[in-house]
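Take a look at the structure set out below.
Position 1 is the first residue of the sequence, and the numbers go up from there. Only a predicted model underlies this, so the values are computations on that prediction, with no experimental measurement involved. Worth knowing before you read on, the calculation uses all heavy atoms, side chains too, and leaves out hydrogens, waters and symmetry mates.
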Amino acid sequence: MRDRRRCIDMRLRRLTATLAVSGLLFGTAACGSGSGSARADDPNTLEVWTRSDPESAKTYDRVFAAFTEKTGIKVDFQPVMNFDQQLQSRASVKDLPDVMINDTALMGSYQAQGLLKPITPASISGHDEITATSWSSTVGLDGRHYGIPYSRQAMTLFVRKDWREKLGLPQPKTWQDTLALAQAFAARDPDGDGRKDTYGMVVPGSAQNGYIAWWGASYLWQGGVQILRKEGSGYRPAMDSAAALRTVTWMKKNLFCGDDGVIQPSALTSVTANTTHFQDGNAGMYLTGPYNISTFDKALGKDTYEVLPAPSGPAGNNDVLADGENIYFGARTGKTKQEQTLAAFLVSPEGQELAMTGDHQPVVRIPVNSTLDAAKVRHDPRWSVVQKAYETASVQFPNAPDFAPVKQDTADALNAIFTYCGSDVRSGLKELNDTLAGDLKDQELLK
(Lines give C-alpha, C1' and ligand atoms only; values in the text may rest on other atoms or scores of the structure.)
Protein backbone atom coordinates (compact mmCIF):
# COMPACT_ATOMS: atom_id res chain seq x y z
CA MET A 1 0.00 0.00 0.00
CA ARG A 2 1.29 3.42 -0.84
CA ASP A 3 2.77 5.58 1.86
CA ARG A 4 0.48 8.53 2.66
CA ARG A 5 3.32 11.05 2.26
CA ARG A 6 4.04 9.73 -1.23
CA CYS A 7 0.38 10.30 -2.14
CA ILE A 8 0.63 13.92 -0.97
CA ASP A 9 3.88 14.44 -2.87
CA MET A 10 2.30 13.04 -6.05
CA ARG A 11 -0.65 15.44 -5.72
CA LEU A 12 1.66 18.39 -5.13
CA ARG A 13 3.77 17.54 -8.18
CA ARG A 14 0.65 17.28 -10.32
CA LEU A 15 -0.69 20.57 -9.00
CA THR A 16 2.64 22.31 -9.54
CA ALA A 17 2.80 21.04 -13.11
CA THR A 18 -0.78 22.19 -13.74
CA LEU A 19 -0.13 25.66 -12.36
CA ALA A 20 3.09 25.96 -14.34
CA VAL A 21 1.29 25.19 -17.60
CA SER A 22 -1.60 27.48 -16.67
CA GLY A 23 0.84 30.29 -15.97
CA LEU A 24 2.41 29.84 -19.36
CA LEU A 25 -0.95 30.01 -21.04
CA PHE A 26 -2.39 32.94 -19.15
CA GLY A 27 0.86 34.87 -18.96
CA THR A 28 0.81 36.06 -22.58
CA ALA A 29 -2.28 37.20 -24.42
CA ALA A 30 -0.69 36.73 -27.83
CA CYS A 31 -0.19 32.97 -27.51
CA GLY A 32 -2.06 32.17 -30.73
CA SER A 33 -2.29 28.79 -32.37
CA GLY A 34 0.70 27.47 -34.21
CA SER A 35 3.14 30.28 -33.47
CA GLY A 36 5.90 29.95 -36.02
CA SER A 37 4.37 26.95 -37.84
CA ALA A 38 3.39 26.87 -41.51
CA ARG A 39 -0.20 25.89 -40.92
CA ALA A 40 -0.64 28.75 -38.43
CA ASP A 41 -0.12 31.17 -41.34
CA ASP A 42 -2.90 29.53 -43.37
CA PRO A 43 -6.29 30.76 -42.17
CA ASN A 44 -7.96 27.99 -44.15
CA THR A 45 -6.16 25.11 -42.40
CA LEU A 46 -7.08 23.70 -39.00
CA GLU A 47 -4.70 21.58 -36.98
CA VAL A 48 -6.85 18.86 -35.42
CA TRP A 49 -5.70 16.35 -32.79
CA THR A 50 -7.51 13.18 -31.82
CA ARG A 51 -6.50 10.44 -29.39
CA SER A 52 -6.40 7.66 -31.96
CA ASP A 53 -4.66 4.44 -32.80
CA PRO A 54 -3.95 3.69 -36.49
CA GLU A 55 -7.25 1.84 -36.93
CA SER A 56 -9.51 4.64 -35.68
CA ALA A 57 -7.32 7.25 -37.42
CA LYS A 58 -8.39 5.76 -40.75
CA THR A 59 -12.01 6.56 -39.89
CA TYR A 60 -11.07 10.13 -39.02
CA ASP A 61 -9.26 10.39 -42.38
CA ARG A 62 -12.57 9.69 -44.16
CA VAL A 63 -14.45 12.18 -42.01
CA PHE A 64 -11.97 15.03 -42.49
CA ALA A 65 -11.65 14.36 -46.23
CA ALA A 66 -15.43 14.71 -46.57
CA PHE A 67 -15.36 17.92 -44.52
CA THR A 68 -12.67 19.48 -46.73
CA GLU A 69 -14.52 18.50 -49.89
CA LYS A 70 -17.71 20.06 -48.53
CA THR A 71 -16.27 23.29 -47.11
CA GLY A 72 -12.85 23.84 -48.68
CA ILE A 73 -11.31 24.11 -45.21
CA LYS A 74 -8.21 21.93 -44.92
CA VAL A 75 -7.42 19.73 -41.93
CA ASP A 76 -3.89 19.07 -40.70
CA PHE A 77 -4.88 15.86 -38.89
CA GLN A 78 -2.67 14.59 -36.07
CA PRO A 79 -3.69 11.23 -34.55
CA VAL A 80 -1.95 11.18 -31.16
CA MET A 81 -1.77 8.24 -28.78
CA ASN A 82 0.22 9.88 -25.96
CA PHE A 83 -2.19 12.80 -26.11
CA ASP A 84 -1.85 14.52 -22.75
CA GLN A 85 1.94 14.48 -22.63
CA GLN A 86 2.22 15.96 -26.10
CA LEU A 87 -0.51 18.49 -25.36
CA GLN A 88 1.37 19.71 -22.28
CA SER A 89 4.49 20.04 -24.39
CA ARG A 90 2.67 22.17 -26.93
CA ALA A 91 1.03 24.23 -24.20
CA SER A 92 4.46 25.00 -22.72
CA VAL A 93 5.47 26.76 -25.95
CA LYS A 94 2.07 28.45 -26.34
CA ASP A 95 1.25 26.52 -29.53
CA LEU A 96 -2.04 24.68 -29.08
CA PRO A 97 -3.88 22.72 -31.77
CA ASP A 98 -6.91 24.50 -33.18
CA VAL A 99 -9.30 21.63 -32.43
CA MET A 100 -8.98 18.60 -30.17
CA ILE A 101 -11.24 15.57 -29.81
CA ASN A 102 -10.70 13.75 -26.53
CA ASP A 103 -12.44 12.29 -23.48
CA THR A 104 -15.29 14.11 -21.76
CA ALA A 105 -13.73 13.44 -18.34
CA LEU A 106 -10.67 15.51 -19.27
CA MET A 107 -12.62 18.72 -19.73
CA GLY A 108 -12.21 19.85 -16.13
CA SER A 109 -8.46 19.31 -16.28
CA TYR A 110 -8.09 21.17 -19.57
CA GLN A 111 -10.28 24.04 -18.38
CA ALA A 112 -8.33 24.37 -15.13
CA GLN A 113 -5.12 24.73 -17.13
CA GLY A 114 -6.56 27.37 -19.44
CA LEU A 115 -6.25 25.18 -22.52
CA LEU A 116 -9.80 25.63 -23.81
CA LYS A 117 -11.79 28.36 -25.48
CA PRO A 118 -15.35 28.78 -24.06
CA ILE A 119 -18.14 27.88 -26.46
CA THR A 120 -21.67 29.17 -26.95
CA PRO A 121 -23.84 26.23 -28.06
CA ALA A 122 -25.98 28.46 -30.29
CA SER A 123 -22.88 29.31 -32.31
CA ILE A 124 -22.71 25.72 -33.58
CA SER A 125 -25.08 24.95 -36.45
CA GLY A 126 -27.21 21.95 -35.49
CA HIS A 127 -26.74 22.52 -31.76
CA ASP A 128 -30.47 21.95 -31.23
CA GLU A 129 -30.14 18.34 -32.46
CA ILE A 130 -27.93 17.57 -29.44
CA THR A 131 -29.86 16.82 -26.25
CA ALA A 132 -29.68 19.03 -23.19
CA THR A 133 -28.25 16.08 -21.25
CA SER A 134 -25.31 15.81 -23.64
CA TRP A 135 -24.72 19.56 -23.57
CA SER A 136 -24.74 19.51 -19.76
CA SER A 137 -21.61 17.35 -19.81
CA THR A 138 -19.66 20.25 -21.34
CA VAL A 139 -20.37 22.80 -18.60
CA GLY A 140 -17.42 23.91 -16.48
CA LEU A 141 -17.36 25.01 -12.87
CA ASP A 142 -17.96 28.60 -13.98
CA GLY A 143 -21.18 27.65 -15.79
CA ARG A 144 -19.76 28.15 -19.30
CA HIS A 145 -19.50 25.48 -21.98
CA TYR A 146 -16.00 24.31 -22.89
CA GLY A 147 -16.73 21.50 -25.32
CA ILE A 148 -19.16 20.24 -27.94
CA PRO A 149 -20.51 16.69 -27.53
CA TYR A 150 -19.23 14.39 -30.27
CA SER A 151 -19.60 10.73 -29.25
CA ARG A 152 -20.98 8.84 -26.29
CA GLN A 153 -20.74 5.24 -25.16
CA ALA A 154 -21.49 2.90 -22.29
CA MET A 155 -19.95 -0.35 -21.16
CA THR A 156 -21.62 -3.64 -22.06
CA LEU A 157 -20.68 -7.25 -21.39
CA PHE A 158 -19.18 -9.22 -24.26
CA VAL A 159 -19.63 -12.99 -23.78
CA ARG A 160 -18.48 -15.97 -25.83
CA LYS A 161 -21.91 -17.23 -26.79
CA ASP A 162 -20.58 -20.48 -28.27
CA TRP A 163 -18.77 -21.36 -25.03
CA ARG A 164 -21.74 -20.45 -22.86
CA GLU A 165 -24.15 -22.56 -24.90
CA LYS A 166 -21.72 -25.50 -25.05
CA LEU A 167 -21.61 -25.51 -21.24
CA GLY A 168 -25.40 -25.16 -20.99
CA LEU A 169 -25.30 -21.97 -18.92
CA PRO A 170 -27.67 -18.98 -19.10
CA GLN A 171 -26.84 -15.39 -19.91
CA PRO A 172 -25.63 -13.76 -16.68
CA LYS A 173 -28.12 -11.49 -14.94
CA THR A 174 -26.39 -10.96 -11.58
CA TRP A 175 -22.87 -10.75 -10.18
CA GLN A 176 -23.20 -14.31 -8.92
CA ASP A 177 -24.23 -15.48 -12.41
CA THR A 178 -21.20 -13.70 -13.84
CA LEU A 179 -18.85 -15.28 -11.33
CA ALA A 180 -20.28 -18.76 -11.95
CA LEU A 181 -19.90 -18.31 -15.70
CA ALA A 182 -16.31 -17.07 -15.31
CA GLN A 183 -15.46 -20.06 -13.13
CA ALA A 184 -16.97 -22.43 -15.71
CA PHE A 185 -15.07 -20.81 -18.57
CA ALA A 186 -11.84 -21.25 -16.59
CA ALA A 187 -12.38 -24.85 -15.44
CA ARG A 188 -14.56 -26.70 -17.95
CA ASP A 189 -12.52 -26.51 -21.17
CA PRO A 190 -15.07 -24.52 -23.23
CA ASP A 191 -12.81 -24.45 -26.31
CA GLY A 192 -12.54 -28.25 -26.28
CA ASP A 193 -8.76 -28.49 -26.70
CA GLY A 194 -8.30 -30.70 -23.64
CA ARG A 195 -6.18 -28.13 -21.82
CA LYS A 196 -6.89 -25.72 -18.99
CA ASP A 197 -5.89 -22.65 -20.97
CA THR A 198 -8.97 -20.41 -20.90
CA TYR A 199 -9.90 -17.55 -18.58
CA GLY A 200 -13.25 -16.44 -17.27
CA MET A 201 -12.96 -12.76 -18.00
CA VAL A 202 -10.55 -10.11 -19.18
CA VAL A 203 -9.64 -7.23 -16.86
CA PRO A 204 -7.50 -4.18 -17.77
CA GLY A 205 -6.43 -3.78 -14.13
CA SER A 206 -3.27 -1.71 -14.38
CA ALA A 207 -3.06 1.53 -12.42
CA GLN A 208 -1.42 3.14 -15.44
CA ASN A 209 -3.56 5.99 -16.73
CA GLY A 210 -6.25 4.99 -14.24
CA TYR A 211 -7.33 1.86 -16.12
CA ILE A 212 -8.56 -0.15 -13.15
CA ALA A 213 -10.68 2.76 -11.95
CA TRP A 214 -12.13 3.12 -15.46
CA TRP A 215 -12.94 -0.61 -15.71
CA GLY A 216 -13.96 -1.06 -12.07
CA ALA A 217 -16.26 1.98 -11.93
CA SER A 218 -19.19 -0.07 -13.26
CA TYR A 219 -18.82 -2.51 -10.37
CA LEU A 220 -18.70 0.43 -7.95
CA TRP A 221 -21.94 1.90 -9.34
CA GLN A 222 -23.64 -1.52 -9.24
CA GLY A 223 -22.54 -1.91 -5.63
CA GLY A 224 -24.11 1.42 -4.69
CA VAL A 225 -20.77 3.25 -4.43
CA GLN A 226 -19.97 6.85 -5.25
CA ILE A 227 -16.34 7.89 -5.66
CA LEU A 228 -17.22 11.53 -5.06
CA ARG A 229 -20.48 12.83 -3.63
CA LYS A 230 -21.78 16.21 -4.84
CA GLU A 231 -22.46 18.66 -2.02
CA GLY A 232 -23.60 22.12 -3.00
CA SER A 233 -20.92 23.76 -5.09
CA GLY A 234 -18.32 21.16 -4.15
CA TYR A 235 -17.71 17.48 -3.47
CA ARG A 236 -16.80 15.07 -0.72
CA PRO A 237 -15.01 11.73 -1.19
CA ALA A 238 -17.16 8.67 -0.51
CA MET A 239 -14.79 5.72 -0.79
CA ASP A 240 -14.87 4.93 2.94
CA SER A 241 -18.58 4.05 2.85
CA ALA A 242 -20.07 0.69 3.85
CA ALA A 243 -21.09 0.15 0.20
CA ALA A 244 -17.52 0.72 -0.95
CA LEU A 245 -16.19 -1.73 1.64
CA ARG A 246 -18.68 -4.44 0.58
CA THR A 247 -18.11 -3.91 -3.14
CA VAL A 248 -14.32 -3.74 -3.14
CA THR A 249 -14.15 -6.72 -0.77
CA TRP A 250 -16.35 -8.77 -3.13
CA MET A 251 -14.22 -7.82 -6.13
CA LYS A 252 -11.00 -8.67 -4.31
CA LYS A 253 -12.19 -11.99 -2.91
CA ASN A 254 -13.95 -13.32 -6.00
CA LEU A 255 -12.07 -11.84 -8.94
CA PHE A 256 -8.52 -10.92 -8.04
CA CYS A 257 -7.92 -13.35 -5.18
CA GLY A 258 -10.42 -16.04 -6.15
CA ASP A 259 -10.16 -19.21 -8.21
CA ASP A 260 -7.36 -19.53 -10.74
CA GLY A 261 -8.41 -18.47 -14.19
CA VAL A 262 -11.40 -16.33 -13.23
CA ILE A 263 -9.39 -13.40 -14.66
CA GLN A 264 -6.21 -13.52 -16.73
CA PRO A 265 -3.00 -13.79 -14.64
CA SER A 266 -1.61 -10.49 -15.96
CA ALA A 267 -4.75 -8.51 -15.07
CA LEU A 268 -3.14 -6.11 -12.59
CA THR A 269 -0.49 -5.02 -15.10
CA SER A 270 -2.78 -4.99 -18.15
CA VAL A 271 -3.94 -1.92 -20.08
CA THR A 272 -6.49 -2.11 -22.87
CA ALA A 273 -3.80 -2.14 -25.57
CA ASN A 274 -2.39 -5.47 -24.36
CA THR A 275 -5.59 -6.97 -22.99
CA THR A 276 -6.31 -9.05 -26.08
CA HIS A 277 -7.34 -12.37 -24.52
CA PHE A 278 -10.97 -12.08 -25.64
CA GLN A 279 -10.23 -11.46 -29.31
CA ASP A 280 -7.38 -13.97 -29.17
CA GLY A 281 -9.92 -16.63 -28.22
CA ASN A 282 -8.80 -17.60 -24.72
CA ALA A 283 -11.15 -15.59 -22.47
CA GLY A 284 -14.91 -15.79 -22.17
CA MET A 285 -16.08 -12.34 -21.03
CA TYR A 286 -15.03 -8.71 -21.28
CA LEU A 287 -16.81 -5.69 -19.79
CA THR A 288 -15.72 -3.01 -22.22
CA GLY A 289 -16.73 -0.29 -24.63
CA PRO A 290 -18.56 -0.80 -27.94
CA TYR A 291 -15.64 0.41 -30.04
CA ASN A 292 -14.37 -3.19 -29.80
CA ILE A 293 -17.30 -4.65 -31.75
CA SER A 294 -15.65 -4.23 -35.14
CA THR A 295 -12.37 -5.68 -33.85
CA PHE A 296 -14.07 -8.70 -32.28
CA ASP A 297 -16.18 -9.31 -35.40
CA LYS A 298 -13.01 -9.60 -37.46
CA ALA A 299 -11.11 -11.70 -34.92
CA LEU A 300 -13.87 -14.06 -33.72
CA GLY A 301 -16.83 -13.75 -36.08
CA LYS A 302 -19.96 -11.86 -35.07
CA ASP A 303 -21.95 -15.04 -34.39
CA THR A 304 -19.38 -16.33 -31.90
CA TYR A 305 -20.07 -13.79 -29.14
CA GLU A 306 -22.95 -11.74 -27.80
CA VAL A 307 -23.30 -8.18 -26.49
CA LEU A 308 -25.31 -8.09 -23.27
CA PRO A 309 -26.39 -5.53 -20.68
CA ALA A 310 -24.17 -5.61 -17.62
CA PRO A 311 -25.48 -7.88 -14.84
CA SER A 312 -27.05 -6.26 -11.78
CA GLY A 313 -25.13 -5.77 -8.58
CA PRO A 314 -26.23 -5.82 -4.94
CA ALA A 315 -27.55 -2.24 -5.16
CA GLY A 316 -30.21 -3.55 -7.56
CA ASN A 317 -29.00 -1.74 -10.66
CA ASN A 318 -26.89 -2.60 -13.69
CA ASP A 319 -25.41 0.88 -14.11
CA VAL A 320 -22.21 1.07 -16.10
CA LEU A 321 -19.58 3.68 -16.75
CA ALA A 322 -20.53 5.99 -19.59
CA ASP A 323 -18.06 8.26 -21.26
CA GLY A 324 -17.28 9.61 -24.67
CA GLU A 325 -15.52 12.40 -26.49
CA ASN A 326 -16.04 16.12 -26.84
CA ILE A 327 -14.77 18.57 -29.43
CA TYR A 328 -12.55 21.20 -27.82
CA PHE A 329 -11.24 24.47 -29.25
CA GLY A 330 -7.70 25.41 -28.24
CA ALA A 331 -7.50 28.63 -26.24
CA ARG A 332 -6.74 31.77 -28.28
CA THR A 333 -6.24 29.92 -31.54
CA GLY A 334 -7.81 32.66 -33.65
CA LYS A 335 -9.79 30.56 -36.14
CA THR A 336 -13.16 30.55 -34.45
CA LYS A 337 -15.30 30.60 -37.61
CA GLN A 338 -13.44 27.67 -39.18
CA GLU A 339 -13.54 25.75 -35.87
CA GLN A 340 -17.29 26.27 -35.60
CA THR A 341 -17.74 25.07 -39.20
CA LEU A 342 -15.81 21.88 -38.45
CA ALA A 343 -17.73 21.24 -35.24
CA ALA A 344 -21.06 21.74 -37.04
CA PHE A 345 -20.05 19.15 -39.65
CA LEU A 346 -18.85 16.66 -37.04
CA VAL A 347 -22.16 16.71 -35.14
CA SER A 348 -24.35 16.76 -38.26
CA PRO A 349 -26.09 13.58 -39.40
CA GLU A 350 -23.64 13.33 -42.31
CA GLY A 351 -20.56 13.71 -40.14
CA GLN A 352 -21.82 11.41 -37.42
CA GLU A 353 -22.80 8.65 -39.87
CA LEU A 354 -19.37 8.79 -41.54
CA ALA A 355 -17.73 8.42 -38.15
CA MET A 356 -20.00 5.50 -37.20
CA THR A 357 -19.53 3.40 -40.33
CA GLY A 358 -16.86 2.11 -42.69
CA ASP A 359 -14.32 -0.69 -42.63
CA HIS A 360 -12.34 0.55 -39.64
CA GLN A 361 -12.99 1.18 -35.96
CA PRO A 362 -15.81 3.72 -35.51
CA VAL A 363 -14.97 6.96 -33.73
CA VAL A 364 -18.58 7.82 -32.98
CA ARG A 365 -20.22 5.04 -30.99
CA ILE A 366 -23.54 6.37 -29.72
CA PRO A 367 -24.36 9.46 -31.81
CA VAL A 368 -24.91 12.76 -30.04
CA ASN A 369 -27.15 13.85 -32.90
CA SER A 370 -30.61 12.94 -31.64
CA THR A 371 -31.97 12.29 -35.15
CA LEU A 372 -29.81 9.15 -35.46
CA ASP A 373 -30.16 5.66 -34.03
CA ALA A 374 -26.95 3.64 -33.65
CA ALA A 375 -28.52 0.27 -34.51
CA LYS A 376 -30.30 1.60 -37.61
CA VAL A 377 -27.25 3.42 -38.95
CA ARG A 378 -25.15 0.29 -38.62
CA HIS A 379 -27.90 -2.21 -39.44
CA ASP A 380 -26.80 -4.07 -36.33
CA PRO A 381 -29.22 -4.68 -33.40
CA ARG A 382 -26.31 -5.19 -30.99
CA TRP A 383 -25.82 -1.44 -30.95
CA SER A 384 -29.31 -1.01 -29.50
CA VAL A 385 -27.99 -2.78 -26.37
CA VAL A 386 -25.24 -0.19 -26.12
CA GLN A 387 -27.56 2.75 -26.79
CA LYS A 388 -30.08 1.52 -24.21
CA ALA A 389 -27.31 1.10 -21.64
CA TYR A 390 -26.20 4.67 -22.25
CA GLU A 391 -29.72 6.09 -22.09
CA THR A 392 -31.07 4.11 -19.12
CA ALA A 393 -28.24 2.57 -17.07
CA SER A 394 -25.15 4.72 -17.14
CA VAL A 395 -23.12 6.97 -14.86
CA GLN A 396 -20.41 9.38 -15.96
CA PHE A 397 -17.37 10.59 -14.09
CA PRO A 398 -17.86 14.23 -13.05
CA ASN A 399 -16.67 16.44 -15.90
CA ALA A 400 -16.41 19.88 -14.33
CA PRO A 401 -13.74 19.26 -11.66
CA ASP A 402 -10.34 18.00 -12.71
CA PHE A 403 -11.15 14.32 -12.34
CA ALA A 404 -7.79 13.08 -13.64
CA PRO A 405 -6.05 12.99 -10.22
CA VAL A 406 -9.16 11.47 -8.62
CA LYS A 407 -9.24 8.67 -11.19
CA GLN A 408 -5.50 8.06 -10.91
CA ASP A 409 -5.48 7.96 -7.11
CA THR A 410 -8.48 5.63 -7.12
CA ALA A 411 -6.70 3.37 -9.59
CA ASP A 412 -3.50 3.35 -7.55
CA ALA A 413 -5.40 2.38 -4.41
CA LEU A 414 -7.57 -0.32 -6.01
CA ASN A 415 -4.58 -1.84 -7.80
CA ALA A 416 -2.69 -2.03 -4.51
CA ILE A 417 -5.68 -3.50 -2.62
CA PHE A 418 -6.15 -6.20 -5.27
CA THR A 419 -2.43 -6.95 -5.62
CA TYR A 420 -1.91 -7.98 -1.98
CA CYS A 421 -4.57 -10.52 -1.10
CA GLY A 422 -3.73 -10.30 2.60
CA SER A 423 -4.13 -6.52 2.76
CA ASP A 424 -6.90 -4.86 4.75
CA VAL A 425 -9.57 -3.41 2.47
CA ARG A 426 -11.02 -1.07 5.08
CA SER A 427 -7.72 0.67 5.81
CA GLY A 428 -6.91 0.86 2.09
CA LEU A 429 -10.19 2.60 1.36
CA LYS A 430 -9.76 4.95 4.32
CA GLU A 431 -6.35 5.95 2.98
CA LEU A 432 -7.85 6.45 -0.48
CA ASN A 433 -10.61 8.62 0.94
CA ASP A 434 -8.05 10.84 2.65
CA THR A 435 -6.11 11.12 -0.60
CA LEU A 436 -9.24 12.08 -2.56
CA ALA A 437 -10.03 14.73 0.05
CA GLY A 438 -6.59 16.16 -0.66
CA ASP A 439 -7.28 16.16 -4.40
CA LEU A 440 -10.50 18.10 -3.85
CA LYS A 441 -8.82 20.49 -1.44
CA ASP A 442 -6.15 21.22 -4.05
CA GLN A 443 -8.97 22.33 -6.38
CA GLU A 444 -10.81 24.22 -3.61
CA LEU A 445 -13.80 21.91 -4.07
CA LEU A 446 -13.76 20.03 -0.76
CA LYS A 447 -16.95 20.46 1.24
Compare every heavy atom of Val75 with every heavy atom of Thr68, then report the nearest pair and how far apart it is.
OG1-N, 3.9 Å

Taking all non-hydrogen atoms of both residues, which atom of Gly289 and which atom of Met155 are closest, and how far apart?
N-SD, 3.7 Å

Do Val99 and Leu342 have side chains that approach each other closer than 4.5 Å (heavy atoms only, starting at C-beta)?
yes

For side-chain hydrogen bond (donor to acceptor under 3.5 Å, both in side chains), just list the numbers for Asp412 and Gln408, CA-CA rounded to whole Å, side-chain angles, deciding distance to a tenth of an Å, and then say yes or no.
CA-CA 6 Å; Asp412 289 341; Gln408 187 59 57; 3.0 Å; yes

Side chain of Gln396, backbone of Gly324: donor and acceptor closer than 3.5 Å?
no

Would you mind reporting whether Asp402 and Pro405 have side-chain heavy atoms less than 4.5 Å apart?
yes

Nearest-0.5 Å distance, NZ of residue Lys407 to CD1 of residue Ile212
13.0 Å

In this structure, CE of Met81 is separated from OG1 of Thr50 (nearest 0.5 Å) by 10.0 Å

Do Thr304 and Lys161 pass the side chain to side chain contact (heavy atoms under 4.5 Å, CB included) test, and can you show the C-alpha distance, the side-chain angles, and the key distance before you say yes or no?
CA-CA 6 Å; Thr304 303; Lys161 180 182 178 182; over 6 Å; no

Measure the CG-OG distance between Asn433 and Ser241 for me, rounded to the nearest 0.5 Å.
8.0 Å

Would you compute the distance between atom CD of Gln279 and atom CG of Asp297 and round it to the nearest 0.5 angstrom?
11.5 Å

What's the verdict on ring pair (Phe, Tyr, Trp, His ring centres under 6.0 Å) for Tyr146 and Tyr328, showing C-alpha distance, side-chain angles and the deciding distance?
CA-CA 7 Å; Tyr146 285 90; Tyr328 302 111; 9.3 Å; no

Show me the pairs that pass ring pair (Phe, Tyr, Trp, His ring centres under 6.0 Å) and involve residues 361-399, at least two apart or across chains.
Phe397-Phe403

Testing the 3.5 Å rule here: is there a donor-acceptor pair between the side chains of Ser52 and Lys58?
no

Strictly by side-chain hydrogen bond (donor to acceptor under 3.5 Å, both in side chains), give each pair with a member in residues 209-218 just once, sequence neighbours left out.
Tyr211-Thr272, Trp214-Asp323

In short, Met201 meets Ala182 closest at the heavy-atom pair CE-CB, 4.1 Å

Candidate pair Arg229 and Glu231, rule salt bridge (Lys or Arg N to Asp or Glu O under 4.0 Å), full reasoning
CA-CA 6 Å; Arg229 184 173 61 247; Glu231 288 196 4; 3.4 Å; yes

Considering only heavy atoms from C-beta outward, does the side chain of Val48 approach that of Gln78 to under 4.5 Å?
no

Enter the distance from Met356:CE to Asp380:CG here, rounded to the nearest 0.5 Å.
10.5 Å

More than 12 foreign heavy atoms under 6.0 Å from CZ of Arg382: is that the case here?
yes

Any donor-acceptor N or O pair under 3.5 Å, side chains Tyr286, Arg160:
no

Could you tell me whether the side chains of Glu353 and Thr357 share a donor-acceptor contact shorter than 3.5 Å?
no

Residues Arg90, Glu47; criterion salt bridge (Lys or Arg N to Asp or Glu O under 4.0 Å); working and verdict:
CA-CA 12 Å; Arg90 286 285 294 269; Glu47 182 181 9; 2.8 Å; yes

Polar contact flag, side-chain donor to acceptor under 3.5 angstrom, Asn292-Thr295:
no

Would you check, one step at a time, whether the test side-chain hydrogen bond (donor to acceptor under 3.5 Å, both in side chains) holds for Gln113 with Ser109?
CA-CA 6 Å; Gln113 296 177 62; Ser109 175; 3.1 Å; yes

Less than 4.5 Å apart, side chain to side chain, heavy atoms only: is that true for Ile73 and Phe67?
yes

What class does the angle between the rings of Phe256 and Phe418 fall in, given that below 30° is parallel, 30 to 60° is tilted and above 60° is perpendicular?
parallel

Mind checking whether Trp135 and Ile148 have side chains closer than 4.5 Å, heavy atoms only?
yes

Between atom NE2 of His127 and atom CG of Asn369, what is the distance when rounded to the nearest 0.5 Å?
12.5 Å

Within a strict 4.5 Å, meaning less than it, do heavy atoms of the Ile227 and Pro398 side chains meet?
no

Report the relative orientation of the aromatic rings in Phe278 and Tyr305; use parallel for angles under 30°, tilted for 30 to 60°, perpendicular for over 60°.
perpendicular

Could you go step by step and tell me if Glu55 and Lys298 meet the salt bridge (Lys or Arg N to Asp or Glu O under 4.0 Å) rule?
CA-CA 13 Å; Glu55 180 72 10; Lys298 292 176 183 178; 3.4 Å; yes

Between Leu115, Leu116, Asn102, which is the residue that forms a side chain to side chain contact (heavy atoms under 4.5 Å, CB included) with Met107?
Leu116

For Arg152 and Glu325, what are the C-alpha separation, side-chain angles and deciding distance, and is it a salt bridge (Lys or Arg N to Asp or Glu O under 4.0 Å)?
CA-CA 7 Å; Arg152 294 294 182 262; Glu325 290 79 40; over 6 Å; no

In this structure, are over 12 heavy atoms from other groups packed under 6.0 Å from Lys376 atom NZ?
no

Looking just at side-chain N and O atoms, do His360 and Thr59 make a donor-acceptor pair shorter than 3.5 Å?
no

Residues Lys335, Thr45; criterion side-chain hydrogen bond (donor to acceptor under 3.5 Å, both in side chains); working and verdict
CA-CA 9 Å; Lys335 299 179 182 178; Thr45 297; over 6 Å; no

Step-by-step side-chain hydrogen bond (donor to acceptor under 3.5 Å, both in side chains) determination, Thr131 to Ser134
CA-CA 5 Å; Thr131 66; Ser134 292; 3.2 Å; yes

Does CG belonging to Asp359 count more than 12 external heavy atoms closer than 6.0 Å?
no

Between Asp42 and Asp76, does the side chain to side chain contact (heavy atoms under 4.5 Å, CB included) criterion hold? Intermediate values first, please.
CA-CA 11 Å; Asp42 183 357; Asp76 176 11; over 6 Å; no

Which atoms form the tightest heavy-atom contact between Pro149 and Ile130, and what is the distance?
CG-CG2, 3.9 Å

For the residue pair Trp175 and Tyr219, does the interplanar ring angle fall in the parallel (under 30°), tilted (30 to 60°) or perpendicular (over 60°) class?
tilted

Establish, yes or no, whether a centroid distance under 6.0 Å links the rings of Phe77 and Tyr60.
yes

Say whether, by atom type as modelled, one donor and one acceptor occur between the side chain of Asn399 and the main chain of Ser137 under 3.5 angstrom.
yes

Return the minimal non-hydrogen interatomic distance between Ala389 and Val320, and the atom names on each side.
CB-CG2, 4.5 Å

Side chain to side chain contact (heavy atoms under 4.5 Å, CB included) between Phe158 and Met285: does it pass, once the steps are laid out?
CA-CA 5 Å; Phe158 292 70; Met285 285 184 284; over 6 Å; no

For Pro367 and Val364, the nearest pair of non-hydrogen atoms, with its separation, is CA-CG1, 3.8 Å

Sub-4.5 Å side-chain heavy-atom contact between Leu157 and Val307:
no

Validation row: Lys252, Val425 side chains within 4.5 angstrom (heavy atoms):
yes

